[in-house]
Chemist: 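Supplied in structure tokens, the structure appears directly below.
What you see below is based on every heavy atom in this structure, not just the backbone, and it leaves out hydrogens, waters and symmetry mates. For the single chain, residues carry numbers from 1 onward in sequence order. If you're wondering where the values come from, they're calculated on a predicted model, not measured in any experiment.
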Amino acid sequence: MIRAVITGTGSALPVRRVSNAELAQTVDTTDEWIVERTGIRFRHLAGAGETTSSLATEACRKALAAAGRDARDIDLIIVATATPDQTFPATATIVQAALGIDDCVAFDVAAVCSGFLYALQVADSMIRTGNARCALVIGAETFSRILDWDDRTTCVLFGDGAGAIVLEAEQDGDRGILYSRLHADGRHNQLLYVDGGPSTTGTVGKLRMKGREVFRHAVVNLAAVMEEVLASAGFTAADVDWVVPHQANARILDATARKLGLPGEKVIMTVDQHANTSAASVPLALDVAVRDGRVKRGDLVVLEAMGGGFTWGAALVRF
Ligand code: UT7
């Protein structure tokens, strides 16, 4: 039996780190409001020359080094992003060229904050069916470029960054992606969206969100999909070593963990440092927890995310 195993992780953040206090100089908000409602204290914002592909490429280089792999070993690149460098070509092909890879499969996946979970299931399926052996799966975003900086209800919540994993085929091992499950419900399109696009306005548009409604759906959907993944793979919450959630709001992370009966210490939290980096948030948080020694080989890890669409999903991984 072939399984897809995570053999390396990497991440990248823009140079500029912005505190809530700095933001409050130009936005009608306060550090107290942001921390109390979201847990966010800092975010990194892309400067001139920093793009989704440049952050993705840096994250990939670190993931390749961690896996002990050369870019020439890669036969599949999937970038999950809602903020591609250009409408086309796919950001994955820009990353491919930057890494000096002449020929491989390369494409983007658009599922907003759940994008990394979607990309992971696609890569896992391609590896298990023999269509790829060594993949780079990336979540990378520059949401600062689609924020309305006059809308305090959204602009304080997001940040830029990238996370990447190397995912490799392994025969008959215990490790790898054990099970993953994805969902979408397009009836909720208008609760979290961008008010522009190539085929409608011909512009890029700005992010719009009805935060309170999104919050309500997020807690219910995330707890349900985690339970679904654990039950399908024959585990319970007590078996889980770590949850690596999408980092939208510390209160969502706490409420979801409580719903599942998981102690807060098992939940990796980076939203305080990075804010919501959309598709980048899960691989970014995973890389932080791998590098600081919390997530170790053999650990049972749940990855989960929910975002615009709505889309949501979870994956159970023996690391
Ligand atoms: O990644 C995709 C998934 N996204 C999410 O999961 C986001 C989910 N939603 C949330 O995280 C929360 O709903 C928010 C953080 C967006 C908002 O928190 P909330 O507790 O739901 O606040 P609210 O929207 O109900 O707003 C409460 C008050 C309002 O004032 P009034 O009407 O009560 O007088 C807002 O105008 O807070 C006000 N407010 C702010 N005040 C200071 C909204 N934004 C700000 C701000 N600074 N930045």
Chemist: Around R72, counting heavy atoms of other residues, nucleotides and ligands shown, do more than 12 lie under 6.0 Å from its CZ?
Modeler: no

Chemist: Between L117 and V112, is there shared hydrophobic-cluster membership here, with clusters defined by ILVMFWY side-chain heavy atoms closer than 4.5 Å?
Modeler: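 Cluster IDs for L117 and V112 differ.
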
Chemist: Hey, does H274 have a side-chain heavy atom less than 4.5 Å from the side chain of L13?
Modeler: yes

Chemist: At their closest point, which heavy atom of V79 faces which heavy atom of A92, and how far apart are they?
Modeler: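 Result for this residue pair: CG2-CA, 3.6 Å.
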
Chemist: Given H246, which partner from the list V271, L303, V282 fulfils the side chain to side chain contact (heavy atoms under 4.5 Å, CB included) test?
Modeler: V282

Chemist: Is there a side-chain contact between R152 and W33, using heavy atoms and a 4.5 Å cut-off?
Modeler: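 No, their side chains stay 4.5 Å or more apart.
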
Chemist: Answer yes or no: is there a donor N or O on one side and an acceptor on the other, between the side chain of Q121 and the main chain of S180, under 3.5 Å?
Modeler: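 Yes, because the side chain of Q121 sits within donor-acceptor range (under 3.5 Å) of the backbone of S180.
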
Chemist: I need the C155 SG to K206 NZ distance, nearest 0.5 Å.
Modeler: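 That separation rounds to 11.0 Å.
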
Chemist: Taking atom NZ as the centre, does K210 end up with more than 12 heavy-atom neighbours from other residues, nucleotides or ligands that are less than 6.0 angstrom away?
Modeler: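 Check fails, neighbour count at 12 or below.
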
Chemist: Output yes when a side-chain donor or acceptor of E141 lies under 3.5 Å from a complementary backbone atom of T277, and no otherwise.
Modeler: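 Looks like no, no N/O pair under 3.5 Å.
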
Chemist: Are I165 and V290 joined in one hydrophobic group, where the rule is that I, L, V, M, F, W and Y side chains link up if heavy atoms are under 4.5 Å apart?
Modeler: yes

Chemist: Which residue pairs pass the side chain to side chain donor-acceptor pair (under 3.5 Å) test with at least one member in residues 11-20, sequence neighbours excluded?
Modeler: S11-D287, R16-E22, R17-Q273, N20-D31, N20-R43

Chemist: Are V18 and H44 side-chain neighbours, meaning at least one heavy-atom pair lies under 4.5 Å?
Modeler: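 Contact flag for V18/H44 side chains = no.
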
Chemist: For D195, is there an ion pair with R208 - N to carboxylate O distance below 4.0 angstrom?
Modeler: yes

Chemist: So does R41 have more than 12 non-hydrogen atoms from other groups sitting under 6.0 Å from CZ?
Modeler: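 For R41, atom CZ is not crowded (no more than 12 foreign heavy atoms under 6.0 Å).
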
Chemist: I'd like to check V288 versus R294 (side-chain heavy atoms, cut-off strictly below 4.5 Å). Are they in contact?
Modeler: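 The answer is yes; the side chains approach within 4.5 Å.
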
Chemist: Which atom pair, heavy atoms only, marks the closest approach of P283 to G139?
Modeler: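 The pair with the smallest heavy-atom distance is CG-N, 4.1 Å.
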
Chemist: To the closest 0.5 Å, what do you measure between CD1 (I138) and OG1 (T81)?
Modeler: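 With rounding to 0.5 Å, CD1 (I138) is 10.0 Å from OG1 (T81).
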
Chemist: Within the side chain of D160, is there an N or O that forms a donor-acceptor pair under 3.5 Å with the backbone of S144?
Modeler: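 Present.
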
Chemist: Within the side chain of Q247, is there an N or O that forms a donor-acceptor pair under 3.5 Å with the backbone of P245?
Modeler: yes

Chemist: I'd like to check the side-chain hydrogen bond (donor to acceptor under 3.5 Å, both in side chains) partners of R212; sequence neighbours left out, ordered by chain and number.
Modeler: none

Chemist: Please state whether the rings of F310 and H188 are parallel, tilted or perpendicular, taking 30° and 60° as the class boundaries.
Modeler: parallel

Chemist: Go through the steps for E304 and V229 under the test side chain to side chain contact (heavy atoms under 4.5 Å, CB included), then give the verdict.
Modeler: CA-CA 10 Å; E304 49 95 327; V229 161; over 6 Å; no

Chemist: Please check this pair: side chain of D241 against backbone of V301, looking for a donor-acceptor N/O pair closer than 3.5 Å.
Modeler: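 No; judged by distance alone, with no hydrogens or angles, the pair does not exist.
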
Chemist: Distance-only, no hydrogens or angles: does the H183 side chain make a donor-acceptor pair with backbone N or O of W312 under 3.5 Å?
Modeler: no

Chemist: Test your reading of the model: is there a side-chain donor-acceptor pair from D108 to the backbone of A80, 3.5 Å cut-off?
Modeler: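 Judged by distance alone, no pair lies under 3.5 Å.
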
Chemist: Flag the pair V156 / I40 as yes when at least one side-chain heavy-atom distance between them is below 4.5 Å, and no otherwise.
Modeler: no

Chemist: Contact between V225 and E228 at the side-chain level, heavy atoms closer than 4.5 Å - yes or no?
Modeler: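 Sidechains of E228 and V225: in contact.
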
Chemist: If I take atom CZ from residue R291 and atom CG from residue L286, how far apart are they, to the nearest 0.5 angstrom?
Modeler: 10.0 Å

Chemist: Could you pull out the closest heavy-atom pair between A285 and I268, with the gap in Å?
Modeler: O-CG2, 3.8 Å

Chemist: Apply the test side chain to side chain contact (heavy atoms under 4.5 Å, CB included) to residues S232 and R181: give CA-CA distance (whole Å), side-chain angles for both, the deciding distance (0.1 Å), then the verdict.
Modeler: CA-CA 10 Å; S232 302; R181 190 84 175 98; 5.9 Å; no

Chemist: Where is the tightest heavy-atom contact between A82 and F143, given as atom of each residue plus distance?
Modeler: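 That would be CB-CE1, 4.0 Å.
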
Chemist: Which pair of non-hydrogen atoms, one from G307 and one from L192, has the smallest distance, and what is that distance?
Modeler: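 In terms of heavy atoms, the two residues are closest at C-CD2, 4.1 Å.
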
Chemist: Report the distance from atom CG of L222 to atom NZ of K259, rounding to the nearest 0.5 Å.
Modeler: 10.5 Å

Chemist: Side chains of V240 and L260, heavy atoms from C-beta outward: is any pair under 4.5 Å?
Modeler: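 No - every pair of side-chain heavy atoms lies 4.5 Å or more apart.
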
Chemist: Please check if L253 and V220 belong to a single hydrophobic cluster, counting links between Ile, Leu, Val, Met, Phe, Trp and Tyr side chain heavy atoms closer than 4.5 Å.
Modeler: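 Each belongs to a different hydrophobic cluster.
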
Chemist: Can you check whether L23's main-chain N or O pairs, donor with acceptor, with T26's side chain at less than 3.5 Å?
Modeler: yes

Chemist: Look at the side chain of T52 and the backbone N and O of T83, then say whether any donor-acceptor pair between them is shorter than 3.5 Å.
Modeler: yes

Chemist: What is the distance from atom CD1 of I74 to atom CD of E168, rounded to the nearest 0.5 Å?
Modeler: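 Rounded to the nearest 0.5 Å, the CD1-CD separation comes to 7.5 Å.
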
Chemist: Test side chain to side chain contact (heavy atoms under 4.5 Å, CB included) on Q96 and T93 and set out the steps.
Modeler: CA-CA 5 Å; Q96 179 198 15; T93 63; 4.2 Å; yes

Chemist: For the OG1 atom of T7 and the CG atom of L64, what is their distance to the nearest 0.5 Å?
Modeler: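 The distance works out to 8.5 Å.
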
Chemist: Can any side-chain N or O of D299 pair as donor or acceptor with the backbone N or O of F319 at less than 3.5 Å?
Modeler: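 No; zero donor-acceptor contacts below 3.5 Å.
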
Chemist: Got L182 and S114 here, is their nearest side-chain heavy-atom distance under 4.5 Å?
Modeler: no

Chemist: In the single-linkage hydrophobic clustering (I, L, V, M, F, W, Y; side-chain heavy atoms under 4.5 Å), do L76 and L136 co-cluster?
Modeler: no

Chemist: With the 4.5 Å side-chain cut-off for hydrophobic clustering, are V27 and M209 part of the same group?
Modeler: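 Same hydrophobic cluster.
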
Chemist: Should the heavy atoms of other residues, nucleotides or ligands under 6.0 Å from CG of D174 be counted, would the total exceed 12?
Modeler: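 12 or below, so no.
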
Chemist: Using a strict threshold of under 4.0 Å (side-chain N to carboxylate O), is an ion pair present between D75 and R133?
Modeler: no

Chemist: Can you check side chain to side chain contact (heavy atoms under 4.5 Å, CB included) on I94 and Q86, steps first, answer last?
Modeler: CA-CA 10 Å; I94 303 171; Q86 296 154 254; 3.8 Å; yes

